[in-house]
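Just so you know, these numbers come straight off a predicted model, no measurement behind them. Order of appearance sets the numbers: ligands from 1, and atoms from 1 within every ligand.
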Amino acid sequence: MKKNLRTLSKADLQALFIELGEPSFRANQVYDWIWAKGVQSFQDMRNVPKALLATLQENYAITPITLDHVQHAEDGTIKNAVKLPDGLIVESVLIPTEKRITACVSSQVGCSLNCAFCATAKLKRMRNLGPDEIYDQVQSIHRQGLEHFGRPLTNIVFMGMGEPLMNYNNVLSAIEKITQPEGMGMSPKRITLSTVGLPKMIKKLADDGVKFNLAVSLHSARDSVRSSIMPINDVSPIADLRESLEYWYRATKRRITFEYVVWKNVNDQPEDIQALVDLCKRIPCKVNLIEYNAIGDPQFQQADEAALEAYITALDAIGVTAKVRRSRGRDIDAACGQLANKKLPAELQETEA
Ligand code: SAH
């Protein structure tokens, strides 16, 4: 079987070309075609001699993703069913606003975290995505932005399917290709990694000196409530999460973003607000109040506007900005938490979504 060309680092490529008796600048050329220009076939590497391409092709493959199914929402949002080289499917979303084209990308096929309110939780976690599969989602959305809106990609959020910090190395390797000057050259300030909140991995991010933004899906700052909707909280309770975020801030001096959905009778009471206020007093942050996107479970209903207002007022009083994030792409199930791969074969779906 051919090896995946995109598992080779630049140093690997250089070693390969030396072995083939080729000048080492060929490694730069090939690297540039793969990671800056995002070509999907050897034929497109126009400045590389044909004979060398033929030799490469004998032993290596590029294995790009393909867009299996593309849906357009009324608000311009585009959802892609992304077919991976082994036939599995994940979803990616292009979110257009006046100023931005944002790519929301997946990091795993399915998810193992079982958050009660999330449609992706209904899928088995099949496997991690490779750096090339993550990078290809970004490139394809960049091309869609140019095609449909005449604008390049401006931002990336790791808020699609899966938990990015459970696929740490591949996600960081993809971000490296996206940000390095000899890759896509995008500023890490425009990238946000969203996590359920894994304290050990958050500390590792801080230690590794990453320059992108961190968002944490909090949804409650009370252990009893958070554990009832996010099983991960039994393993990593709020105190551990808080400690890791304090560590992150000390190391990076960058504010984190809390993502927070307010549900009726789940987390809309004064004690819920107080717990969040107490946490925010200790961690420099902002809060995104995400609108809930129904996935058919009656336990979860978007709270009243009054509850949102109460949160905003209480946070404002301690100088923390809280903004309500309205949903995009709901009519095509492209909104947060709705990525469930309705096209996946039945055997991969644990329960009916
Ligand atoms: N595993 C990562 C990224 C995927 S979820 C994480 O947990 O952050 C992306 C965001 O959508 C998270 O903040 C998640 O809590 C939120 N979300 C999940 N289901 C949702 C739903 N039905 N409505 C609104 N937001 C949801």
Atoms of ligand 1 less than 4.0 Å from [X] heavy atoms?
X: E259; answer: 10 (C), 12 (C), 13 (O)
X: G160; answer: 4 (C)
X: S217; answer: 6 (C), 7 (O), 8 (O), 12 (C), 13 (O), 14 (C), 15 (O)
X: T195; answer: 6 (C), 7 (O), 8 (O)
X: G162; answer: 1 (N), 2 (C), 3 (C), 4 (C)
X: C118; answer: 18 (C), 19 (N)
X: V196; answer: 6 (C), 7 (O), 8 (O)

Is ligand 1 under 4.0 Å from a heavy atom in the side chain of [X], in the backbone, in both, or in neither?
X: T120; answer: neither
X: H219; answer: side chain
X: E163; answer: both

- Identify the heavy atoms of I89 and A81 that sit nearest to each other, and give their distance.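 It is CG2-CB, 4.1 Å.
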- Message: Testing the basics here: between A121 and C115, what is the closest heavy-atom pair and its distance to 0.1 Å?
- Response: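 Heavy-atom minimum between the residues: CB-O, 3.5 Å.
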- Minimum non-hydrogen distance to atom 2 (C) of ligand 1, winning option of A116, C111, S194: S194
Geometry only, no angles: is [X] polar-contacting ligand 1 at N/O separations under 3.5 Å?
X: A119; result: no
X: L113; result: no
X: Y292; result: no

- Note on the structure: In this structure, OG1 of T257 is separated from CG of L218 (nearest 0.5 Å) by 12.0 Å
- Query: Hey, what do you get for NE2 (H142) to CE (M186), rounding to the nearest 0.5 Å?
  - Reply: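 So the NE2 of H142 and the CE of M186 are separated by 8.5 Å.
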- Message: Evaluate S327 against N293 for side-chain hydrogen bond (donor to acceptor under 3.5 Å, both in side chains), listing each step before the verdict.
- Response: CA-CA 8 Å; S327 238; N293 301 301; 2.4 Å; yes
- Residues D316, T313; criterion side-chain hydrogen bond (donor to acceptor under 3.5 Å, both in side chains); working and verdict: CA-CA 5 Å; D316 192 49; T313 308; over 6 Å; no
- Under 30°, 30 to 60°, or over 60°: which ring-plane class applies to W263 and Y292, parallel, tilted or perpendicular?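 Correct class here is perpendicular.
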- Task: Determine the interplanar angle of the H219 and F117 rings, folded into 0 to 90°, and report it as parallel if under 30°, tilted if 30 to 60°, perpendicular if over 60°.
- Result: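 The arrangement is perpendicular - the two ring planes meet at more than 60°.
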- Message: Is there a side-chain hydrogen bond (donor to acceptor under 3.5 Å, both in side chains) between E163 and N167? Walk through the geometry before answering.
- Response: CA-CA 7 Å; E163 168 51 45; N167 184 15; over 6 Å; no
- Query: Should Y311 and V287 be marked as a side chain to side chain contact (heavy atoms under 4.5 Å, CB included) after you check the CA-CA gap, both sets of side-chain angles, and the distance that decides it?
  - Reply: CA-CA 10 Å; Y311 266 99; V287 177; over 6 Å; no
- Can E291 be said to touch ligand 1, with heavy atoms closer than 4.0 Å? yes
